[in-house]
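Since the structure comes first, as structure tokens, the remarks are kept for the end.
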Amino acid sequence: MSWLLNLYETYEANQKQVGIIEKKRNDKEYMLLPVSHTTQNAHIEVNITEDGNFHSADVIGKVNTVIPSTEESGSRAGSKVAPYPLHDKLSYVAGDFVAYGGKIKKEEPFTTYIQQLKNWAHSPFGNSKVKSIYTYLNKKRLIKDLVKEKVLYLDEDEQLIGTWDKKYEALYDQKPEIFSVITGGQDAAFIRFNVHSPAEILTKVWNDSDMYDSFIKFYNDQLGDEDLCFVTGQVSPSTERHANKIRNAGDKAKLISANDTSGFTYRGRFSKSNEVASISYEVSQKAHNALKWLIHRQGKTIDNRVFLVWSNDNPDVPDPTEDPFDILAKHFPVQEEASPKIFTNQDFARGFAKMLDGYKSDLTTKSNINILILDSATTGRMAVLYYRNLDKELYFKRLEKWHSTCIWQHRYRKGIEFTGAPATKDIAFAAYGPRANEKVVKGLMERILPCVVDDKKIPIDIIKSCYQRASNPVSMEKWEWEKTLSITCAVINRHEERYTVALDTENMNRDYLFGRLLAIADVLERRALKSDDNRSSNPIRYMNSFSKHPARTWKTIQESLQPYQARLGANGHNLSKMIDEVASAIDFDDFNNKPLSGKYLLGFYSQRHALYQKKEEKTEAAEELTN
């Protein structure tokens with residue numbers, strides 16, 4: 001229950017955000033929903049005058065709309081008649097639905113709907129907008145007005161057209177817009193209502209805080225029996241029906257559900273669901289609404305699996321699945337027009353530490369960090385796959401350790417070079433390729449998360465997969481291999497020893513030295529080739545074989561280098577001399593065909609980096625002398 005309590009406390013701590021529309025980067029709107037409200041895709045908007053008459057209507061496509069909701073309507077399915085209190089499907093809100101050919105299975109939905117709306121409008125909590133909408137709908141002429149407005153369409157028998165067919169082209173010049181926004185017949189159209197005033201601009205009904213408060217007070221007065229809430233420990237009205245639409249508007253999976261009465265859910269221990277646990281209506285509503293808000297606001301969703309990190313009093317917390325550049329960019333935004341930014345080891349350490357201190361200072365002393373992973377195996381059931389509630393000091397300590405141990409230099413961002421840990425999603429692509437199935441990616445991200453927040457070791461199969469792909473550059477494009485290589489170096493560095501990108505000339509480890517040899521050979525051949533020659537060098541083509549049989553493959557590589565050494569002449573003398581020095585540093589007994597460990601990739605990267613850095617420094621010095 002702790003995750004429910006923390007979500008409930010998050011809602012309470014962010015009351016100022018309730019009902020405020022926010023936008024994602026793709027301009028999609030979301031909000032921290034009020035209690036007793038949900039969202040629904042509306043197809044038609046109907047405007048009512050203040051005195052309860054029809055004003056206008058439009059087809060609006062599929063627009064996500066905040067609507068009042070009861071326990072019954074929020075969980076209705078199939079033929080069950082459970083109307084939403086205000087906005088709903090045409091079969092519920094149109095009193096003339098049957099007259100225009102609408103089919104109903106049991107009782108007429110409109111009767112139940114209009115009675116519920118009447119109770120709200122005539123209650124002490126009803127306001128003028130609710131009364132205006134009720135007055136109009138009680139006239140039972142909605143479809144008649146929508147047909148006249150050319151929003152809905154009838155066939156030759158003056159009945160609602162079901163699905164669009166070519167035979168109706170004789171009646172209408174073109175396919176009506178309504179059939180482009182609904183998947184079934186016109187009876188499936190969802191209607192939202194608004195109140196129009198010629199004297200002033202009124203707040204839209206679905207965005208009106210007075211409307212939210214009006215229904216919340218009305219519905220709270222209707223709630224049933226009280227029981228002990230297992231989340232807060234207080235006695236208050238309980239509920240057995242809990243929210244869906246957690247990940248998106250079409251999500252039917254529930255986190256809490258007990259509708260199986262055939263003896264399988266509680267067999268052996270309980271006969272009723274409330275004997276297992278009881279949760280108050282208020283806690284359920286607020287916890288689920290906080291969860292929806294957090295997912296829209298900052299959750300990562302991969303193949304319907306949600307990764308979420310937040311703090312109760314301040315949702316903005318560094319995400320353990322992100323790389324340091326993303327984390328730093330959120331706290332210290334980098335201007336797009338700025339020159340390429342380089343985060344060196346020192347810059348990174350200083351900036352990252354400053355960022356963590358900034359986040360910690362924004363949180364109260366009692367703040368804890370929540371980490372939650374959600375997924376569903378079926379369309380109706382969702383599960384909490386992983387949940388941790390960590391002390392903020394411990395969380396930031398673990399985060400800092402991860403980003404200072406799983407560390408390497410990365411250049412895979414355009415115009416950006418940074419030193420730090422790769423994002424967990426990038427580790428997945430390094431291990432399985434950029435076209436890996438999302439199920440594989442989300443599985444790896446779930447397995448890596450404990451390595452960050454619990455300081456666990458990276459699973460050996462992930463390391464091996466990264467190693468094998470990084471050792472086979474000919475199977476990838478150059479950019480993809482370079483990205484895979486730097487991420488693999490970071491993963492191996494976390495698993496093996498704390499190496500740095502800077503070349504360690506004192507390191508006499510066999511595998512590290514073999515990696516250095518391969519890098520020098522690669523640079524030597526590249527310098528001998530023309531600058532516009534983008535083909536892979538022989539050392540790179542033989543890299544996979546070299547990792548398995550280093551001594552035997554090195555003989556082949558060295559023979560292939562001779563033409564390039566001759567072409568370079570005196571310009572290649574230093575590199576040839578360096579090959580001799582590194583090779584002679586390898587112990588005679590170690591110069592064998594024993595497969596190389598991941599350390600050879602660290603030696604390869606560091607040696608190549610050092611040689612390129614030296615060349616860049618010489619080029620810059622020559623340009624300064626020329627100028």
Side-chain angles (χ1 to χ4, degrees), residues 298 300 307-334 341-373 386-410 412-413 416-428 430 444-459 462-463 486-502 602:
Q298 62 207 61
K300 282 188 174 64
F307 298 82
L308 183 62
V309 184
W310 84 97
S311 175
N312 295 8
D313 57 351
N314 185 355
D316 293 315
V317 175
D319 190 334
T321 66
E322 292 183 340
D323 62 36
F325 175 77
D326 274 335
I327 296 174
L328 281 166
K330 288 180 180 178
H331 206 72
F332 307 109
V334 179
K341 182 71 176 175
I342 296 178
F343 292 108
T344 63
N345 285 330
Q346 188 177 7
D347 291 334
F348 163 75
R350 187 185 302 114
F352 196 68
K354 183 179 179 182
M355 180 275 302
L356 291 181
D357 288 339
Y359 272 116
K360 281 191 284 188
S361 64
D362 289 341
L363 302 175
T364 64
T365 54
K366 295 182 180 180
S367 294
N368 282 354
I369 309 299
N370 302 287
I371 304 169
L372 185 69
I373 301 178
Y386 180 92
Y387 176 70
R388 288 296 306 275
N389 179 261
L390 295 172
D391 173 77
K392 72 167 186 175
E393 295 292 339
L394 178 60
Y395 175 75
F396 283 107
K397 183 179 178 181
R398 293 274 172 82
L399 195 63
E400 189 171 1
K401 184 174 181 181
W402 168 259
H403 285 283
S404 60
T405 55
C406 187
I407 185 171
W408 207 252
Q409 184 185 65
H410 306 283
Y412 53 78
R413 291 182 178 277
I416 298 292
E417 178 182 313
F418 72 95
T419 301
T424 52
K425 191 173 184 179
D426 286 323
I427 294 177
L444 183 141
M445 289 180 67
E446 183 185 347
R447 294 175 67 200
I448 287 288
L449 193 57
C451 304
V452 185
V453 298
D454 296 326
D455 198 23
K456 303 257 185 192
K457 289 187 177 180
I458 298 176
I462 296 175
I463 297 172
S486 67
I487 292 172
T488 302
C489 286
V491 169
I492 291 170
N493 200 26
R494 160 85 177 183
H495 183 74
E496 296 284 347
E497 297 180 26
R498 305 299 178 251
Y499 283 47
T500 63
V501 179
L602 305 181

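All heavy atoms count here, side chains included; hydrogens, waters and symmetry mates do not.
Using a 4.5 Å heavy-atom cutoff, the side chains of Y499 and C489 are not in contact. Using a 4.5 Å cut-off on side-chain heavy atoms (C-beta onward), F307 and T424 make no contact. Annotation: side chain of P320 is not in contact with side chain of W402 (no heavy-atom distance under 4.5 Å). Two residues are said to be in side-chain contact when any heavy atoms from C-beta on lie closer than 4.5 Å; D326 and F418 fail this criterion. Counting heavy atoms from C-beta on, the side chains of N312 and N368 never come closer than 4.5 Å.
Scored by the side chain to side chain contact (heavy atoms under 4.5 Å, CB included) test, P315 finds N14, W293, L294, R297, Q298 as partners (sequence neighbours excluded). Looking at residues two or more places apart in sequence or on another chain, you find a side chain to side chain contact (heavy atoms under 4.5 Å, CB included) between T488 and C466, A470, T484, I492, L601. By the salt bridge (Lys or Arg N to Asp or Glu O under 4.0 Å) test, K456 pairs with no residue at all, sequence neighbours left out. Not counting sequence neighbours, the partners of R447 by the salt bridge (Lys or Arg N to Asp or Glu O under 4.0 Å) test are D461. Taking the side chain to side chain contact (heavy atoms under 4.5 Å, CB included) definition, one finds that A490 meets it with C406, W408, H410, P422, sequence neighbours left out. A search for side-chain hydrogen bond (donor to acceptor under 3.5 Å, both in side chains) contacts involving Y387 returns N6, N370, not counting sequence neighbours. Scored by the side chain to side chain contact (heavy atoms under 4.5 Å, CB included) test, D455 finds R398, K401, R494 as partners (sequence neighbours excluded).
Taking all atoms of both residues into account, the shortest heavy-atom contact from S486 to Y412 is OG-CD2, 4.0 Å. Shortest non-hydrogen contact noted between E322 and H403 is O-CE1, 3.5 Å. G420 approaches P324 most closely through the heavy-atom pair CA-CG, 3.7 Å. Nearest heavy atom pair, residue I458 against residue I448, reads CG2-CD1, 4.0 Å.
Interatomic distance, OH of Y386 versus CD1 of I373, reported as 7.0 Å (0.5 Å rounding). In this structure, D454 CG and R388 CZ are separated by 4.0 Å, a value rounded to the nearest 0.5 Å. Atom NZ in K300 sits 9.0 Å away from atom NZ in K425 (nearest 0.5 Å). To the nearest 0.5 Å, atom CG of residue D391 and atom NZ of residue K397 are 10.5 Å apart.
When the options V501, I407, T405 are evaluated for a side-chain contact (heavy atoms from CB on, under 4.5 Å) with N493, the one that passes is I407.
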